[in-house]
Amino acid sequence: QVQLVESGGGLVQAGGSLRLSCAASGRTFTNYAMGWFRQAPGKEREFVAAISWSGRSTYYADAVKGRFTISRDNAKNTVNLQMNSMKPEDTAVYYCATGDRSYASGLQSDYDSWGQGTQVTVSS
């Protein structure tokens with residue numbers, strides 16, 4: 001069983017930066033893609049970014065492309081999300097996820113293990 005624990009959320013002003021981390025345990029981390037999703041109040045959960053098992057392939061939602069960067073450290077079983085030039089509309093609970101795919105996917109149905117989430121708030 002996979003366990004995912006997010007950290008690094010908090011309050012930041014518009015234009016600022018935050019770095020989220022997700023620590024994975026419970027299975028061979030290097031075999032599987034990882035993803036980040038977010039859910040804002042009153043909205044459905046949406047895709048943010050994904051990275052392939054090797055880290056060589058990444059995929060981003062249009063809303064964050066050019067501002068967010070996903071990376072992974074397979075030696076430490078962690079995946080990170082560097083968020084720059086943040087906007088108030090980035091405010092949400094951010095979730096780390098994994099599934100049985102090796103390629104970076106933006107489909108929620110490709111992920112079946114989720115972290116508990118970390119709150120990110122961007123003030124204007």
Side-chain angles (χ1 to χ4, degrees):
Q1 187 174 358
V2 181
Q3 292 82 43
L4 302 172
V5 179
E6 302 96 337
S7 62
L11 174 64
V12 64
Q13 289 189 334
S17 299
L18 276 178
R19 183 177 176 87
L20 304 183
S21 292
C22 173
S25 61
R27 69 173 184 183
T28 304
F29 179 76
T30 55
N31 290 354
Y32 303 100
M34 300 293 296
W36 285 97
F37 292 78
R38 67 186 182 186
Q39 187 168 20
K43 296 187 177 181
E44 294 188 353
R45 188 164 56 189
E46 64 177 6
F47 168 71
V48 175
I51 189 165
S52 65
W53 70 275
S54 65
R56 287 195 289 267
S57 177
T58 57
Y59 179 45
Y60 296 94
D62 288 343
V64 306
K65 202 172 295 183
R67 300 188 298 120
F68 290 11
T69 302
I70 188 171
S71 62
R72 65 189 295 160
D73 185 336
N74 285 344
K76 296 182 178 179
N77 288 3
T78 58
V79 60
N80 303 301
L81 185 68
Q82 178 66 43
M83 304 184 291
N84 298 329
S85 303
M86 297 188 72
K87 305 175 181 180
E89 51 263 43
D90 294 323
T91 295
V93 177
Y94 283 71
Y95 298 91
C96 172
T98 190
D100 61 1
R101 302 289 191 264
S102 61
Y103 56 86
S105 171
L107 296 176
Q108 292 195 44
S109 57
D110 284 341
Y111 299 87
D112 56 13
S113 296
W114 299 81
Q116 82 289 351
T118 186
Q119 176 69 48
V120 171
T121 303
V122 184
S123 64
S124 57

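Each residue takes its place number in the sequence, starting with 1. Scope of the values below: all heavy atoms of this structure, side chains included, with no hydrogens, waters or symmetry mates.
- Checked against a 6.0 Å centroid threshold, the rings of Tyr59 and Phe47 count as neighbours.
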Notebook entry, point to check: Would Trp36 and Val79 count as a side-chain contact (heavy atoms from CB on, under 4.5 Å) if you check the C-alpha gap in whole Å, the side-chain angles of each, and the deciding distance to 0.1 Å?
Noted result: CA-CA 9 Å; Trp36 285 97; Val79 60; 3.9 Å; yes
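- Between Cys22 and Met34, the shortest heavy-atom contact is SG-CE, 4.4 Å.
- Residues Ala14 and Pro88 approach most closely at CB-CD, 4.1 Å, considering heavy atoms.
- By the salt bridge (charged side-chain N to carboxylate O under 4.0 Å, His left out) test, Lys65 pairs with Asp62, sequence neighbours left out.
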Checklist line | Val120 and Arg38: CA distance, side-chain angles, deciding distance, side-chain contact (heavy atoms from CB on, under 4.5 Å) verdict | finding: CA-CA 9 Å; Val120 171; Arg38 67 186 182 186; over 6 Å; no
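- Among all heavy-atom pairs drawn from Thr91 and Ala40, the shortest one is O-CB, 3.6 Å.
- Within the 3.5 Å criterion, the main-chain N or O of Glu44 finds no donor-acceptor partner in the side chain of Glu46.
- Looking at every heavy atom in both residues, Leu4 comes nearest to Ala24 through CD2-CB, 3.6 Å.
- The shortest side-chain heavy-atom distance between Glu6 and Leu20 does not fall under the 4.5 Å cut-off.
- In this structure, the side chain of Glu89 does not engage the main chain of Ala63 through any donor-acceptor pair within 3.5 Å.
- With a 4.5 Å cut-off on side-chain heavy atoms, Gln108 and Tyr95 do not count as touching.
- Within the structure, the salt bridge (charged side-chain N to carboxylate O under 4.0 Å, His left out) test picks out the following pairs touching residues 107-124 (sequence neighbours left out): Arg101-Asp110.
- Annotation for Ser113 and Val2: closest pair OG-CB, 3.9 Å, computed over non-hydrogen atoms.
- Contact detail for Gln119 and Ala92: the closest heavy-atom pair is NE2-O, 3.5 Å.
- Between Asp90 and Phe68, the closest side-chain pair of non-hydrogen atoms falls below 4.5 Å.
- Proximity of a side-chain donor or acceptor of Thr98 to a complementary backbone N or O of Ala33 within less than 3.5 Å is detected.
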Margin query: Test side-chain contact (heavy atoms from CB on, under 4.5 Å) on Asn31 and Trp53; report intermediate values, then the result.
Written below: CA-CA 5 Å; Asn31 290 354; Trp53 70 275; 5.7 Å; no
Margin query: Does Asn80 form a side-chain contact (heavy atoms from CB on, under 4.5 Å) with Arg19? I'd like the steps, not just the answer.
Written below: CA-CA 7 Å; Asn80 303 301; Arg19 183 177 176 87; 3.2 Å; yes
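- With contacts defined as side-chain heavy-atom distances shorter than 4.5 Å, the pair Arg67/Tyr60 does not qualify.
- When atom types are taken as modelled, the side chain of Arg72 and the backbone of Ser52 share a donor-acceptor pair closer than 3.5 angstrom.
- Considering only residues two or more places apart in sequence or on other chains, Tyr111 meets the ring-ring contact (aromatic ring centres under 6.0 Å, His included) condition with Phe37.
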